[in-house]
Amino acid sequence: GPGGYTAALYAARAGLSTLVVEMLSPGGQMATTENVENYPGFEDGVDGFELGEKMQRGAEKAGAVTAYEEVKELDLAASPKLVRTRKHEYRAKAVILAMGASPRMLGLPQEEDLRGKGVAYCATCDGMQYKGKVVAVAGGGNSAAEDALTLSKICQKVYIVHRRDTLRAERSYLAPLEKAGNVEYVWDSRIEELLHDGRLTGLRLANVKTGQESTLTVDGLFVAIGRKPETALVEGQVEMGPGGYIAAGEDTRTNVPGVFAVGDIRTKPLRQIVTAAADGAVASKMAQEYVAGLA
Ligand code: NAP
């Protein structure tokens with residue numbers, strides 16, 4: 001994502017031999033956003049996938065290399081540090097962790113089985129499959145608001161099912177959601193059950209204040225209740241902070257010398273593309289100092 005490729009850009013420009021290990025394609029979560037409107041320099045917004053490719057090309061032009069492989073094992077205490085994929089074993093003096101975060105699940109029975117059969121986690125990616133249909137969005141943050149807005153342009157009707165009676169999303173989303181005309185809020189409601197016949201057919205809801213149950217008939221459910229950091233590879237190797245994010249401050253240093261954490265995977269007050277990119281620049285500076293024996 002933006003943290004990883006910015007780190008790579010700065011590290012390569014500083015003359016370090018720089019490898020980006022990427023499982024699929026560049027961009028991370030950013031690649032699933034159709035129009036990024038809050039990254040400076042793009043007054044009309046920019047396609048997130050395209051921005052990811054641009055960041056990759058920029059880093060590679062500076063000399064960074066991408067290996068399209070999934071990291072299976074990290075040994076951060078080793079010297080040099082070990083990054084093992086199915087095909088290769090890479091050794092590095094410093095490692096910058098930029099694995100980001102992935103969507104949180106509701107944790108309901110059958111949720112996993114219904115994924116792709118009515119249950120989705122990314123409106124930009126899967127919204128078109130619900131063209132003209134009735135969908136619900138679960139959550140009340142920026143992701144839920146953004147997903148509802150995206151879906152309002154594609155679907156016949158969009159319900160926002162939220163466990164409170166107010167959104168926590170930025171105010172700037174409220175007027176466009178109102179203006180859409182096909183977005184309805186279902187406040188104070190928890191999804192109790194996913195109703196299905198092999199495909200999702202509806203939701204059984206419970207009002208958290210009155211306990212009253214109801215059924216909402218929908219063709220699709222977009223779960224947008226936050227993200228969880230992708231830390232499985234470093235479990236037990238680096239110190240974690242609140243919420244399971246890697247404990248690292250603005251200098252991106254973890255408790256392990258030569259290991260840095262950037263973007264959504266680390267403890268930080270604002271998870272945005274611009275802050276991930278900023279982390280990447282800082283981490284590469286810290287890595288340079290570490291490799292040079294200065295820190
Ligand atoms: P978020 O801000 O953490 O919001 C998660 C929402 O889901 C909250 O409203 C929360 O309810 C609800 N929720 C959490 N667990 C739930 C559960 N088990 N059942 C039902 N509801 C649940 O997450 P996010 O919206 O994914 O955003 C993540 C980060 O990305 C944020 O920092 C956000 O600002 C950023 N982001 C920014 C933009 C943008 O700037 N355009 C767009 C998307 C995301 P409560 O309110 O009750 O806690």
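Only heavy atoms go into these numbers, but all of them, side chains included; no hydrogens, no water, no symmetry mates. When a ligand or atom number is given, it counts from 1 through the structure's own listing order.
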Task: Subset of ligand 1 atoms that lie under 4.0 Å from at least one heavy atom of Gln272 - done: 35 (C), 36 (N), 37 (C), 38 (C), 39 (C), 40 (O)

- [ ] Would you check if His196 and Lys117 make a side-chain contact, meaning some heavy-atom pair closer than 4.5 Å?
- [x] no

TODO: Return the option from Ala101, Gly140, Ala138 holding the heavy atom at the smallest distance from atom 6 (C) of ligand 1.
DONE: Gly140

TODO: Identify the protein heavy atom lying closest to atom 48 (O) of ligand 1, giving its residue, its atom name and the separation to 0.1 Å.
DONE: Arg168 NH2, 2.6 Å

- [ ] Between Ile160, Val137, Ile225, Val223, flag the one that comes closest to atom 12 (C) of ligand 1 by a heavy atom.
- [x] Ile225

- [ ] Answer whether the closest heavy-atom distance between the side chains of Phe42 and Leu51 falls below 4.5 Å.
- [x] yes

Open item on the list: Looking only at protein heavy atoms, which one is nearest to atom 42 (C) of ligand 1, and what is the separation?
Closed with: Glu146 OE1, 3.2 Å

Task: Protein heavy-atom partner closest to atom 3 (O) of ligand 1 - residue, atom, separation in Å - done: Gly226 CA, 4.3 Å

Task: Under 3.5 Å: N/O of Asn142 near N/O of ligand 1 - done: yes

Open item on the list: Would you say that Met240 contacts Ile246 through its side chain, given a criterion of any heavy-atom pair below 4.5 Å between the two side chains?
Closed with: yes

Open item on the list: Just to check, does Tyr39 reach to within less than 4.0 Å of ligand 1 when the distance is taken from its heavy atoms?
Closed with: no

Task: Protein residue, atom and distance nearest to atom 17 (C) of ligand 1, heavy-atom basis - done: Arg163 NH1, 3.5 Å

Task: Residue Asn38 vicinity, atoms of ligand 1 by number, heavy atom under 4.0 Å - done: 39 (C), 40 (O), 41 (N)

- [ ] Compare all side-chain heavy atoms of Asp279 with those of Lys268 and state whether any distance is below 4.5 angstrom.
- [x] yes

TODO: Would you indicate whether the side-chain heavy atoms of Asp219 and Leu200 approach each other to under 4.5 Å?
DONE: no

Open item on the list: Quick check: Phe222 with Tyr130 (ring centres under 6.0 Å apart)?
Closed with: yes

Open item on the list: Could you identify the single nearest non-hydrogen protein atom to atom 31 (C) of ligand 1 and state the distance to 0.1 Å?
Closed with: Arg271 O, 4.8 Å

Task: 4.0 Å protein heavy-atom contact status of atom 29 (C) of ligand 1, strictly under - done: no

Open item on the list: How far is atom 47 (O) of ligand 1 from the closest protein heavy atom, and which atom is that?
Closed with: Arg164 NE, 2.5 Å

Open item on the list: Between ligand 1 and Leu106, is the shortest N or O to N or O distance under 3.5 Å?
Closed with: no

Open item on the list: The test is side chain to side chain contact (heavy atoms under 4.5 Å, CB included); show your working for Leu205 and Arg190 and say whether it passes.
Closed with: CA-CA 6 Å; Leu205 305 177; Arg190 200 174 43 228; over 6 Å; no

Task: Location of contacts on Glu37 toward ligand 1, heavy atoms closer than 4.0 Å - done: neither

Open item on the list: Does any part of the side chain of Arg266, heavy atoms only, come nearer than 4.5 Å to the side chain of Tyr245, both counted from C-beta?
Closed with: no

- [ ] Grab the two heavy atoms, one from Ala287 and one from Ala94, that are nearest each other, plus how far apart they are.
- [x] CB-CB, 4.1 Å

Open item on the list: Quick check with a 6.0 Å cut-off and a 45 degree axis cone: is Arg104 positioned over the face of Tyr121's six-membered ring?
Closed with: no

Task: Trp187 side chain near Arg164 side chain, heavy-atom distance below 4.5 Å - done: no

Open item on the list: If I apply the N/O under 3.5 Å rule, does Arg104 come out as touching ligand 1?
Closed with: no

Task: ligand 1 atoms in contact with Tyr173 (distance to a heavy atom under 4.0 Å) - done: 39 (C), 41 (N), 42 (C)

TODO: Give the single entry among Ala224, Gly141, Ser143 that approaches atom 24 (P) of ligand 1 most closely by any heavy atom.
DONE: Ser143

